[in-house]
Amino acid sequence: MDRATFFAAVRKSPFGGSLSASQTAGMTAILDEWDRRGLTDLRHLAYMLGTTFHECARKMQPIHELGGAAYFKKYDGRKDLGNTLPGDGNRFHGRGYVQLTGRRNYHRAGEALGIDLVANPDRALVPEFAAQIMFLGMIEGWFTTKKLADYFKDGKSDWKNARRIINGLDKADTIAGYAK
């Protein structure tokens with residue numbers, strides 16, 4: 001992919017004419033991971049970038065999920081997330097490009113990357129690691145069992161329902177628009 005052409009295009013839309021160095025660096029980490037994996041279906045890349053645009057509040061940098069300790073209590077005791085200890089909801093709140101959430105997901109991602117994310121959850125904020133987590137999670141269906149290939153294959157492009165990879169249909173039309 002010609003990155004100069006890519007950045008010129010996204011600078012216009014959806015970024016409204018300008019990109020910060022931080023936004024460019026965040027997208028560069030994603031594009032580097034794309035190249036490292038040798039992937040070719042640009043719909044997958046577009047959907048990952050659209051998801052990042054939404055999940056990271058347009059910053060294109062890995063972020064902490066918005067909220068505080070009281071808000072994250074909603075994750076306490078969630079066995080589906082592996083949150084079994086008091087305070088796990090806050091400790092393993094969303095981080096990264098796609099808001100990796102829950103002790104089980106931090107453990108799985110850490111094992112896949114060869115780093116201890118359970119001991120240090122903030123490492124999910126390192127752009128290189130956040131990109132790897134996003135790619136593995138969206139390609140392999142880590143988050144909801146749904147994966148990119150379920151929505152983008154052959155002649156099929158289901159931009160709206162692809163949101164099910166991350167979070168049901170929450171903001172599905174909005175994210176589909178960013179990706180397109």
Side-chain angles (χ1 to χ4, degrees), residues 14 20 22-34 44-45 47-148 150-151 160-176 178-179:
S20 69
S22 180
Q23 288 168 321
T24 301
M27 286 187 282
T28 296
I30 293 168
L31 295 174
D32 287 349
E33 184 65 15
W34 174 261
H44 292 196
L45 177 61
Y47 198 80
M48 285 188 268
L49 289 165
T51 298
T52 299
F53 186 80
H54 173 76
E55 294 286 336
C56 295
R58 301 176 181 225
K59 294 179 182 184
M60 304 311 283
Q61 283 291 321
I63 64 169
H64 286 275
E65 179 179 3
L66 301 178
Y71 176 78
F72 298 134
K73 282 186 182 285
K74 71 181 185 176
Y75 297 132
D76 279 342
R78 292 265 312 265
K79 291 182 181 179
D80 61 318
L81 295 174
N83 289 344
T84 57
L85 300 176
D88 274 357
N90 186 42
R91 181 169 172 79
F92 299 107
H93 66 268
R95 291 176 181 84
Y97 288 124
V98 292
Q99 305 309 303
L100 181 68
T101 306
R103 178 184 287 274
R104 179 176 294 126
N105 289 324
Y106 277 84
H107 176 75
R108 181 180 197 175
E111 288 282 314
L113 275 59
I115 60 175
D116 190 349
L117 289 174
V118 173
N120 188 353
D122 280 342
R123 291 190 80 190
L125 295 167
V126 174
E128 173 188 347
F129 298 149
Q132 290 176 45
I133 291 165
M134 177 175 63
F135 275 76
L136 287 167
M138 293 182 80
I139 290 168
E140 296 181 7
W142 283 4
F143 310 121
T144 64
T145 74
K146 304 294 184 188
K147 52 191 169 196
L148 287 164
D150 294 337
Y151 302 99
K160 179 178 180 175
N161 282 298
R163 180 65 175 151
R164 295 178 191 277
I165 298 165
I166 301 293
N167 198 6
L169 289 176
D170 175 58
K171 306 291 185 192
D173 288 324
T174 300
I175 296 164
Y178 298 148

State, yes or no, whether a side-chain contact exists between L148 and M48 at a heavy-atom distance under 4.5 Å.
yes

Y75 versus E65, side-chain donor and acceptor atoms under 3.5 Å:
yes

Does a donor on one side chain sit under 3.5 Å from an acceptor on the other, for R95 and Y106?
yes

Got F143 and T101 here, is their nearest side-chain heavy-atom distance under 4.5 Å?
no

Would a 4.5 Å heavy-atom cut-off, applied to side chains only, mark L117 and N105 as touching?
no

Separation between CD (Q61) and CG (L125), nearest 0.5 Å, reads 10.0 Å

Are the side chain of E55 and the backbone of Q99 linked by a donor-acceptor contact shorter than 3.5 Å?
no

Of the non-hydrogen atoms in G102 and N83, which two are nearest, and what is the gap between them?
CA-OD1, 3.5 Å

Looking at side-chain heavy atoms only, is the closest gap between D173 and K160 below 4.5 Å?
yes

For the student: nearest non-hydrogen atoms of L49 and M60, plus distance
O-CE, 3.8 Å

D150 and T145 have their tightest heavy-atom pair at OD2-O, 4.2 Å

What one should report as the nearest heavy-atom pair of N120 and R91 is N-NH2, 4.5 Å

For the residue pair I30 and W34, establish whether any side-chain heavy-atom pair is separated by less than 4.5 Å.
no

For residues D88 and T84, report the shortest heavy-atom separation together with the two atoms involved.
OD2-N, 3.0 Å

Roughly how far, to the nearest 0.5 Å, is the CG atom of L66 from the OH atom of Y71?
8.5 Å

Stepwise side chain to side chain contact (heavy atoms under 4.5 Å, CB included) check, L81 with R104:
CA-CA 5 Å; L81 295 174; R104 179 176 294 126; 5.8 Å; no

Measure the shortest side-chain to side-chain distance between Y178 and R58 over non-hydrogen atoms and say whether it is less than 4.5 angstrom.
yes

Of all heavy-atom pairs linking C56 and P62, the shortest is SG-CA, 4.4 Å

Note, K147 side chain near I139 side chain (heavy atom, < 4.5 Å):
no

Over 12 non-hydrogen atoms of neighbours within 6.0 angstrom of NZ in K74:
yes

Quick check for you: to the nearest 0.5 Å, what is the distance between L45 atom CG and M27 atom CE?
11.0 Å

Donor-acceptor check, side chain of N90 to backbone of F72, threshold 3.5 angstrom: yes or no?
no

Roughly how far, to the nearest 0.5 Å, is the CD1 atom of I115 from the CD atom of E128?
8.5 Å

Using a cut-off of 6.0 Å, state whether more than 12 heavy atoms not belonging to H64 lie near its atom NE2.
yes

If you define the side chain from C-beta out and look only at heavy atoms, does anything of T51 sit under 4.5 Å from R163?
yes

Once you round to the nearest 0.5 Å, how far does CZ of F92 lie from CZ of R78?
14.5 Å

So CG of D170 and CZ of R164: to nearest 0.5 Å the spacing works out to 12.0 Å

